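Hydrogens, waters and symmetry mates play no part in the numbers below; they use all other heavy atoms, side chains included. A quick note: this is a predicted structure, and the numbers were derived from the prediction, not measured.
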Amino acid sequence: MRNPEAAVVLHQLTKHGSPIPDRSRLVDFQPLDPSNRPAPFKRFPRLETRPLPADIGGTGIAATDVLSGRAKSPPSQFDGTVLARLLFFSAGVTRTAVGGRSYFRAAMSAGNLHPVELYVTCGDLPGVDAGVHHFTPREFGLTALRSGDRRRALAVRAAEPAVATAPCTLVLTGIPWRTAWKYGERGYRHLYWDVGTLLANLLAVAEAHGLPARVVLGFADSEVARLVGVDAVEEFPLALVVLGSAEEPAAARGPERIEPLDVEVAPLSPRPLTFPLITEAQEAGALRDREAVVAWRAAAGRGGEPTSPIDVPETAERLSIEEVILRRGSTRVMRRVAGPAELLRWGMAVASRPLPGDFAPGEANVLEHCLSVHAVADVEPGTYRWQAGRLEPGRRGDFREATQQLCLNQPLGGDSAYTTFHCSDLDSLLETLGSRGYRVAQLEAGVVAGRLALAAFTLGYGATGLTFFDDEVSRFFATPAACMLVTSVGVPAYRSTPGGMPRAAAELAGFDRIMERLSRQLHGAGR
């Protein structure tokens, strides 16, 4: 597992703007083939889906307090309604468009392809039976895959005793073909970006409930895959999230062997493709058993440590975290006007809060954040680094056009108030954590991007994730670190339609017009 070569090869061969040293390693296929488009939802045709409660309400806790680490909520009883709320505000369908044929979820996703699936492993909860369940976002329900309490089996595979006593642990998996259909092998990165943006929402809503939540990236991959009934190639585990405090009795002792699941799954597309490079990168980082998990976690350290709460912006509207999640949408067009100082300073402070997890390598920072500031009150235009909770200045000047170029010449890169490039020193990280460290860097970049978006929409502004020319970013900011993801933050040119609640998604009547306007911009006719 510690050999990082496969992750390095995938990273090198999927760079934008660089010559591909060995194109024979990449699958030759037609991206975006409409006749072979993957289904947006996983289905089990012969299994019943039990609906979750649609009347889930919300906590009412202000997003500013949650994102700043100042929420003072008493712990909630973990029941079916709380579970439904966590699932909906992280992965539920909130909007539809184009006659109901396009679905938009609560969290950001590259290309709106949503390759992440959620499985619930729980003991008996009020309203939900003990077992392993698949979350169905469109119907908003749970499909039971295994009956009985399997928390202890999962705890053993994760070397994480808390899993056996916490009321619920989510298993987040990725379906590579669903994103590789558009992005090819680079879609491997998107799996972890997307699980990160989903986690940004999930952790925020859990914090609003006063529920402990911990992200676990150390687990025996093939065994966790077997538990939720996936093959570890066409679908594989990405992360676990332990939810709630250990107040329940531990899961009963039973046979540790996990029998294979024999359930029918609807075809993903007429001719699904697999990508050997993705399979190799994932398998190279795999942990085989509990002992390997313990060793990897020892190298990783204890994960993010709590920090002091962040000051809440005085001018921010007191929207609840659920209202902000429903308001959020990937901003497609921005205006070149200035944003307030808190859009940058509070937004970056919120985004870079340590994650509750098992994967921070010692005292090292997994990410560094390089910024191109274009129009922010009280901040000179130029390049900066966000370090230790403050801005460190670099070069002064107007770099809008350069930043747009870095972002594959997408106007959002330069039209923003500021654009942040989330980077990681991969050499150091992979030396410590092996190929699995690549997962850590991509996932944390997704969490930061998701938090930046929540912070921006809390303040009434907008944000979106962008792709980029890899090596050009490192050269522009004079850093040996490699860019993982880019987030553009600024003033939207339109107001997003708020999302709807479970089984009542809002319809985006003007979505086609916005996409047409974006297309004109991309072809040089938008300004």
Side-chain angles (χ1 to χ4, degrees), residues 37-54 56 78-88 90-93 96 100 103 105-106 113-154 157 163 167-178 195 198 221-241 243 251 254-255 257-270 272 502-503 505:
R37 180 166 189 157
F41 303 102
K42 185 174 183 178
R43 295 191 303 109
F44 300 88
R46 299 185 183 277
L47 297 182
E48 178 186 1
T49 296
R50 296 183 60 179
L52 286 163
I56 60 173
F78 203 102
D79 57 17
T81 299
V82 169
L83 176 61
R85 197 176 290 156
L86 292 167
L87 292 172
F88 177 75
S90 58
V93 174
T96 62
Y103 301 89
R105 313 275 192 97
L113 296 172
H114 297 283
V116 178
E117 299 286 331
L118 284 79
Y119 299 83
V120 175
T121 302
C122 62
D124 278 319
L125 301 174
V128 180
D129 294 335
V132 178
H133 310 266
H134 174 258
F135 173 56
T136 58
R138 181 167 56 181
E139 293 82 3
F140 194 61
L142 295 177
T143 303
L145 303 179
R146 296 184 187 271
S147 61
D149 193 339
R150 307 301 178 111
R151 289 177 296 162
R152 184 174 180 275
L154 183 56
R157 272 69 185 181
V163 172
C168 173
T169 294
L170 300 182
V171 179
L172 310 181
T173 69
I175 299 178
W177 172 231
R178 198 178 279 159
V195 82
L198 187 155
D221 294 68
S222 62
E223 290 293 292
V224 172
R226 179 186 290 258
L227 178 69
V228 297
V230 302
D231 67 355
V233 175
E234 294 182 359
E235 183 178 349
F236 44 72
L238 304 174
L240 312 180
V241 186
L243 293 168
R257 176 175 168 77
I258 300 172
E259 297 295 334
L261 270 177
D262 183 17
V263 294
E264 180 184 350
V265 180
L268 185 60
S269 74
R503 296 191 281 273

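- With hydrogens and angles disregarded, a donor-acceptor distance shorter than 3.5 Å links the side chain of Asp124 to the backbone of Ala130.
- Scanning for ring-ring contact (aromatic ring centres under 6.0 Å, His included) contacts around Phe140 gives Phe88, Phe135, with sequence neighbours left out.
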Starting from the C-alpha separation in whole Å, work towards a yes-or-no answer on salt bridge (charged side-chain N to carboxylate O under 4.0 Å, His left out) for Arg178 and Glu117.
CA-CA 11 Å; Arg178 198 178 279 159; Glu117 299 286 331; 2.7 Å; yes
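- One finds a salt bridge joining Arg257 and Glu259 here, because a Lys/Arg side-chain nitrogen approaches an Asp/Glu carboxylate oxygen to under 4.0 Å.
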Please test Glu235 against Thr173 for side chain to side chain donor-acceptor pair (under 3.5 Å), starting from the C-alpha separation and ending with a verdict.
CA-CA 7 Å; Glu235 183 178 349; Thr173 69; 2.6 Å; yes
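- Closest approach of Pro167 to Leu243, counting heavy atoms only: CD-O, 3.4 Å.
- Among all heavy-atom pairs drawn from Val128 and Gly80, the shortest one is CG2-CA, 3.9 Å.
- With Arg105 contributing its side chain and Ser90 its backbone, the two residues share no donor-acceptor pair below 3.5 Å.
- For Leu47, the side chain to side chain contact (heavy atoms under 4.5 Å, CB included) criterion is met by Phe44, Thr143, Leu145, Val263, not counting sequence neighbours.
- Of the possible polar contacts, none joining the Arg151 side chain to the Val163 backbone as a donor-acceptor pair under 3.5 Å is found.
- Two residues are said to be in side-chain contact when any heavy atoms from C-beta on lie closer than 4.5 Å; Tyr103 and Arg138 meet this criterion.
- Between Ile258 and Arg146 the shortest heavy-atom distance is CG2-NH2, 3.4 Å.
- Residues Val233 and Pro176 approach most closely at O-CG, 3.7 Å, considering heavy atoms.
- Ala266 and Pro45 make their closest contact through N-CD, 3.7 Å (heavy atoms, listed as atom of the first residue, atom of the second, distance).
- Expressed to the nearest 0.5 Å, how far CZ of Arg150 lies from CZ of Arg157 amounts to 10.5 Å.
- Asp231 has its side chain out of reach of Phe236: every pair of non-hydrogen atoms, C-beta onward, lies at least 4.5 Å apart.
- Residue Ile175 holds its CD1 atom at 10.5 Å from OG of Ser269, rounded to the nearest 0.5 Å.
- Nearest heavy-atom pair, Pro272 versus Trp177, reported as atom, atom and distance to 0.1 Å: CA-NE1, 3.6 Å.
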List the steps and the verdict of side chain to side chain contact (heavy atoms under 4.5 Å, CB included) for Thr121 and Cys168.
CA-CA 6 Å; Thr121 302; Cys168 173; over 6 Å; no
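- Ion pairing of Asp129 with Arg50 is present here, as a side-chain N (NZ or NE/NH1/NH2) and a carboxylate O approach within less than 4.0 Å.
- Residues meeting the salt bridge (charged side-chain N to carboxylate O under 4.0 Å, His left out) test with Glu264, sequence neighbours left out: Arg46.
- If you take CG on Leu227 and CG on Leu261, they are separated by 8.0 Å, rounding to the nearest 0.5 Å.
- Within the model, atoms CG of Leu87 and CG of Leu170 stand 6.0 Å from one another, a figure rounded to the nearest 0.5 Å.
- Going from atom CG of Leu268 over to atom NZ of Lys42 covers 9.5 Å, rounded to the nearest 0.5 Å.
- For the atom pair CG of Leu83 and CG of Leu142, the computed distance is 6.0 Å after rounding to the nearest 0.5 Å.
- Of the possible polar contacts, one joining the Thr136 side chain to the Gly141 backbone as a donor-acceptor pair under 3.5 Å is found.
- Distance alone, capped at 3.5 Å, is enough to place a donor-acceptor pair between the Arg503 side chain and the Glu139 backbone.
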Kindly indicate, with the supporting measurements, whether the criterion side chain to side chain contact (heavy atoms under 4.5 Å, CB included) is fulfilled by Thr169 and Val120.
CA-CA 6 Å; Thr169 294; Val120 175; over 6 Å; no
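- Between Pro502 and Ile56 the shortest side-chain heavy-atom distance falls below 4.5 Å.
- The one candidate from Leu238, Val171, Val230 that meets the side-chain contact (heavy atoms from CB on, under 4.5 Å) condition with Val224 is Val171.
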